Structures are given as C-alpha cells and as structure tokens.
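Everything below concerns the one structure shown next.
Bear in mind that the values here come from a model prediction, so they are computed numbers and not experimental data. Numbering of ligands and ligand atoms starts at 1, following listing order.
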Amino acid sequence: MAVDWIDLRSDTVTQPTPAMREAMARAPVGDDVYGEDPTVNALQQRLAIKLGFEDALFVPSGTQANLVALMAHCQRGDEYLVGMDAHTYKFEGGGAAVLGSIQPQPIAHASDGSLPLEAIERAIKPLDPHFARTRLLCLENTWHGRALPLDYLRDARALCERRGLRLHLDGARLFNAAVALQLPARDIAQFFDSVSVCFSKGLGAPVGSVLCGSRALIDEARRWRKVCGGGWRQAGMLAAACLHALDHHIERLAEDHARAARLAAGVRDLTAIRFAGQHTNMVFIDLAPAHLQAFRAHMEAAGVRLSIGYLPNIRMVTHLDLDDAAIERTLAALQSFAP
Ligand SMILES: *Cc1c(COP(=O)(O)O)cnc(C)c1O
C-alpha cells in the first residue's frame with residue numbers, strides 16, 4: 001500500500017491544487033524569449049509593482065534568480081559579502097564563483113542569523129589591486145524561518161549607501177516574513193536593490209522564482225538567464241501557477257505559521273527530544289546523535305518525514321499540504337519516541 005506521507009522535510013514538496021492546475025491549463029501563452037508570453041509578462045509586472053520595483057524577471061529556480069542577480073550586479077573579479085551559512089553561498093553549488101567569476105566573502109552569522117554590521121564593514125576591501133572589488137551585500141529573509149527585523153535592514157541599507165555597495169535579498173520566503181511581521185512585502189523589499197522570491201516554497205507553485213530590480217538590472221539579468229540556459233518559451237503555464245499563488249496562497253501562510261507553533265508547543269516539554277526553536281513555518285529540534293537512526297526509523301514507521309542532516313538541527317517545515325490532523329499525527333509520533 002502506498003504510504004500517505006506527512007512530509008515535513010520542506011515547503012517545496014507541495015502539489016499544485018486543482019484550482020492552480022486549472023489556472024495553468026487556461027493560461028494564454030507565447031514565446032517568452034521574444035518577450036511575448038502574456039502570462040509571464042503579467043506575473044513580472046505584478047510582482048514588480050507589488051514589491052516597489054521597476055521591472056522583474058521570471059526564472060525556473062531560486063538558485064538561478066540569485067545567480068543572475070549576482071552576475072548582473074557584479075563583474076569578473078568583484079566580490080559579494082554573504083552569510084557563511086547563506087543559501088547564496090553554501091547551497092547553490094558555488095555558482096557565483098563557478099559561472100560568474102565573482103568571489104564570495106563569507107561572514108559569520110550572529111546567533112539571531114543576522115550578519116553583524118561591524119563584520120560587514122571590516123570585510124569591505126580597500127580599492128587596491130591586491131583585492132577583489134567589494135560590490136554587493138547579500139542577505140536572506142526569512143533566515144531559517146526568522147523574519148529579519150526592519151531596523152536591521154534599515155541599518156544595513158545605510159551602511160551600503162555609505163560604503164557604495166549594492167544590496168540584494170534572497171527572499172525565497174519573503175512572504176512568510178511579511179505575513180509574520182504583518183507588513184506589506186514591499187516594506188521589507190524597499191531597502192534592497194534587488195529581491196528574489198520563490199514561488200515553489202510556501203506559495204505552493206510547482207516551479208518558478210522571480211527577480212525584481214531596476215529596469216537596467218533586469219535587462220542585464222535577462223541576458224545572463226539566457227546564457228545560463230534559462231530562456232524559456234511558453235512558460236506562461238508556470239507563471240499562471242504563480243499568479244494564482246499571489247491571489248490565494250499568501251494570507252494563508254499564517255495557517256502554516258500557526259501549525260508550526262502548535263508543533264512547537266507539543267515538543268517543548270519532551271525529554272528525549274530537545275526543542276531548538278520555531279520561527280514562521282519552521283520548527284527545529286535536537287536529539288543525541290546516538291539516537292538519530294532510531295528516531296528516523298520511528299518517524300518513518302509513523303509515516304512522517306523530517307529533514308535530518310542538512311543543518312545542525314532537525315527541521316520540520318509546515319506547508320499547504322498539511323492540515324491540523326497531520327500535525328496531531330506528527331506530535332503523537334514525536335511524543336511516543338522512547339530511545
Ligand atoms: C529554496 C531556497 C532558494 C532557491 O532554491 P531553488 O531550489 O533553486 O528554487 C534560495 N534561497 C533560500 C533561502 C531557499 O530556501
């Protein structure tokens with residue numbers, strides 16, 4: 001019998017809803033390399049306006065959105081400052097260096113995930129042939145589920161203005177941050193020169209990310225998208241899923257956050273499992289390493305999948321395809337684990 005998994009590994013695992021599939025099937029399409037796909041154009045225009053930018057570019061993945069952003073901001077021999085554990089440094093195959101000849105300068109995160117402003121300041125290189133040219137600061141929001149405080153973003157922006165740096169946001173989960181802070185997403189986006197947003201995470205689309213920025217930056221990014229093999233044709237069917245998500249899947253992120261909080265409340269007092277934090281749609285737990293194998297087997301036997309091994313903590317992520325019953329079943333499995 002097929003197992004009806006409760007999949008908490010990531011919010012990327014969602015299936016497109018019947019209504020989303022219908023919107024995809026109905027979408028008018030054209031050749032996007034010629035700029036002629038009306039649904040892609042509608043998505044790009046809508047997100048640019050929503051986040052307060054001149055223009056936007058629809059791409060297949062968050063990795064490609066960040067890569068073409070970095071390549072548009074930086075030239076060969078330039079450098080970007082980035083968190084040591086940031087997706088744009090650690091989880092994108094080193095693409096900026098491999099494909100862009102852009103040097104990353106990783107910076108250690110503070111315990112709240114932010115990059116200390118003094119550390120950023122110290123990492124900026126003097127203009128001297130010994131050094132790469134420091135061009136860009138790259139932040140991530142949400143950071144392991146945390147919404148970065150607006151004051152921090154304002155200060156980071158001021159630093160970039162003062163030191164002549166551009167500022168890019170890996171906003172894969174920007175809308176989770178906006179919903180958690182109860183702010184329009186553009187109040188977060190306003191501090192940045194460019195923002196990438198994933199539609200295949202909490203927003204529930206099957207494919208797609210959008211990069212927003214100035215018209216000049218997006219023109220440059222579109223060129224790099226083509227070079228990277230990301231020029232696509234009748235992509236409007238995918239853009240239609242993203243437009244559907246903008247209409248129907250943003251406010252409901254609050255339900256994912258509430259379910260994550262319910263999970264957190266249920267694991268807080270366990271003894272075999274240590275609760276290590278909950279932010280927006282993510283819950284983190286720890287376990288003695290000796291018990292990890294048994295824990296994984298116990299959870300799989302209960303039909304529950306978790307993310308074990310990528311981060312120091314075990315991660316559980318709530319999403320569109322999990323209801324209250326799935327959360328209660330997960331809690332029952334967690335509570336019955338006895339190493
Ligand atoms: C998922 C994710 C991305 C992009 O990942 P893709 O799988 O390439 O879409 C970028 N940044 C963060 C923080 C992410 O979680």
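- Atom SG of Cys138 and atom CG of Leu169 lie 8.0 Å apart (nearest 0.5 Å).
- Atoms CG and CG, from Asp193 and Leu136 in turn, are 8.0 Å apart once rounded to the nearest 0.5 Å.
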- Taking it one step at a time, do Leu81 and Leu115 satisfy side-chain contact (heavy atoms from CB on, under 4.5 Å)? CA-CA 10 Å; Leu81 309 178; Leu115 305 180; over 6 Å; no
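- Of all heavy-atom pairs between Ala333 and Ala302, the closest is CB-CB, 3.6 Å.
- Remark: Arg268 engages no residue in a salt bridge (charged side-chain N to carboxylate O under 4.0 Å, His left out) (not counting sequence neighbours).
- Aromatic ring centres of Phe295 and His291: separated by at least 6.0 Å.
- Closer than 4.0 angstrom to ligand 1 lie heavy atoms from Ser61, Gly62, Thr63, Asn66, His87, Glu92, Glu140, Asp170, Ala172, Arg173, Cys198, Lys201.
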